[in-house]
K.L.:
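Below is the structure I would like to discuss, written out as structure tokens.
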Amino acid sequence: MLSSKPFSRKFYSQASPIVAQRLLGSHLHRVIDGEQLIGRIVETEAYGIGDEACHAFRGKTPRNAIMFGEGGFSYVYFTYGMHHCFNVTANQEGMAEAVLIRAVEPVEGIEKMQVLRWGGGGAAHHALQKRDLTNGPGKLCQAFGLTRSDNGIDLIESEELFITSARPVAPNLIGVSSRIGINVAKHYPWRFFIKGNEFVSRGKPSS
DNA sequence: AAGGCGATTGCCT
DNA sequence: GGCAATCGCCTTT
């Protein structure tokens, strides 16, 4: 693997659409049960100031509080009664923004991810559909064992959850679209993905 | 105190 | 493509 290092506070302090684009191609690291998991980020969405789809739009609440602090912290929330979504907070203190990690490509620890997703027996059943492992926000949280107890982790300081930079994805290989699965503020072109990557979620048509 | 609905997924038709 | 699952959060009485 290319030499890489965790992103700095300064990096996460940029506006969410910038952070979202720059995260493409970088590596999400997670240590769970003593095992190292790594995923290459291939799809992200930005949520920002004045954005009605942003959880922080209507002010600070217990759930979204972490977004109001400095950038570079995990924001993990539970939704639909059964799924989790993993975000990275962006921008500076008081500027509540975040980037949703929508999909990653497994790089290391694939067997552990399969166990976390489907259990020991289910892995074989899904063996021919590797892409189902992490091609969606809820799926990657399950594969990486991320839950609400992982909310509020400092990604600059933690050794169990952090993101390392990698060779930037060429601009012509970055796709842009409106965001998926929301019913307000659909016009923002704030979904970013690596063109042609098989782990990019299909989602639903968002317009 | 109660009800609506969600930054989703997977199964069914 | 449509829709149920399933529950915590937030808004409204």
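Residue numbers begin at 1 in each chain, while the letters A, B, ... track the order of the sequences.
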K.L.:
Under 4.5 Å side-chain heavy-atom separation, chaining through any Ile, Leu, Val, Met, Phe, Trp or Tyr, what else clusters with M95(A)? Say none if it is isolated.
P.N.:
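I49(A), which link up through side-chain heavy atoms under 4.5 Å apart, make up the rest of the cluster.
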
K.L.:
Have a look at N87(A) and say if it touches a base, only the backbone sugar-phosphate, or nothing, with a 4.0 Å heavy-atom cut-off.
P.N.:
base

K.L.:
Any stems for DNA chain C, made of 3 or more Watson-Crick or G-U pairs in a row, each with both distances under 3.5 Å?
P.N.:
B:1-6 with C:7-12, B:8-12 with C:1-5

K.L.:
In whole angstroms, how far is the P atom of dT8(B) from the CD atom of E43(A)?
P.N.:
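Rounded to the whole Å, the gap is 10 Å.
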
K.L.:
Given the P atoms of dT6(C) and dA2(B), what is the spacing between them in whole Å?
P.N.:
23 Å

K.L.:
Which is it for F7(A) and L23(A) under the side-chain contact (heavy atoms from CB on, under 4.5 Å) test, yes or no, and what are the steps along the way?
P.N.:
CA-CA 9 Å; F7(A) 282 114; L23(A) 283 177; 3.8 Å; yes

K.L.:
Would you say N91(A)'s side chain and Q14(A)'s backbone share a donor-acceptor pair under 3.5 angstrom?
P.N.:
no

K.L.:
Distance check needed: dT8(B) P versus L140(A) CG, whole Å only.
P.N.:
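Roughly 12 Å, once rounded to whole Å.
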
K.L.:
Reading nucleotides 6-13 of chain C from the 5' end, what letters show protein touch, with B for base, S for backbone sugar-phosphate only, - for no heavy atom under 4.0 Å?
P.N.:
BBSSSS--

K.L.:
Before we go on, tell me: are the rings of Y77(A) and Y75(A) under 6.0 Å apart, centre to centre?
P.N.:
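Yes.
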
K.L.:
Check salt bridge (Lys or Arg N to Asp or Glu O under 4.0 Å) between E45(A) and all other residues, then give those that pass, not counting sequence neighbours.
P.N.:
R102(A)

K.L.:
Determine if Y77(A) stacks with dA7(B); use a centre-to-centre distance below 5.5 Å and an interplanar angle below 30° as the criteria.
P.N.:
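Per 5.5 Å and 30° rule: no stacking.
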
K.L.:
Report the distance from atom NE2 of H84(A) to atom P of dT9(B), rounded to the nearest whole Å.
P.N.:
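It works out to 13 Å between those atoms.
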
K.L.:
Just jot down the side chain to side chain contact (heavy atoms under 4.5 Å, CB included) partners of R58(A), sequence neighbours excluded, or say none.
P.N.:
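So R58(A) forms a side chain to side chain contact (heavy atoms under 4.5 Å, CB included) with E52(A).
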
K.L.:
From CZ of F57(A) over to P of dA7(B), roughly how many Å is that when rounded to an integer?
P.N.:
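Distance, rounded to whole Å: 14 Å.
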
K.L.:
L146(A) has an atom CG; how far is it from atom C1' of dA7(B), in whole Å?
P.N.:
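So the two atoms are 16 Å apart, to the nearest Å.
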
K.L.:
Given dA7(B), is OP1 or OP2 found less than 4.0 Å from the side-chain N or O atoms of K186(A)?
P.N.:
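Indeed not, no polar side-chain atom of K186(A) lies that close.
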
K.L.:
Step by step, would you call N197(A) with E105(A) a side chain to side chain donor-acceptor pair (under 3.5 Å)?
P.N.:
CA-CA 8 Å; N197(A) 187 282; E105(A) 174 178 351; 2.9 Å; yes

K.L.:
Just to verify, what does Y12(A) make a side chain to side chain donor-acceptor pair (under 3.5 Å) with, not counting sequence neighbours?
P.N.:
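Y12(A) satisfies side chain to side chain donor-acceptor pair (under 3.5 Å) with no residue once adjacent residues are dropped.
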
K.L.:
Could you check how far CD of E97(A) sits from C1' of dA7(B), rounded to whole Å?
P.N.:
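Rounding to the nearest Å, CD of E97(A) and C1' of dA7(B) are 15 Å apart.
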
K.L.:
Would you call E160(A)-R30(A) a salt bridge at under 4.0 Å N-O?
P.N.:
no

K.L.:
Looking at N183(A), does any N or O in its side chain come under 4.0 Å of the phosphate oxygens OP1/OP2 on dC5(B)?
P.N.:
no

K.L.:
Is the phosphate of dG10(B) approached by R117(A) (side-chain N or O, under 4.0 Å from OP1 or OP2)?
P.N.:
yes

K.L.:
Quickly work out the I180(A) CD1 to dT9(B) C1' distance and round it to whole Å.
P.N.:
13 Å

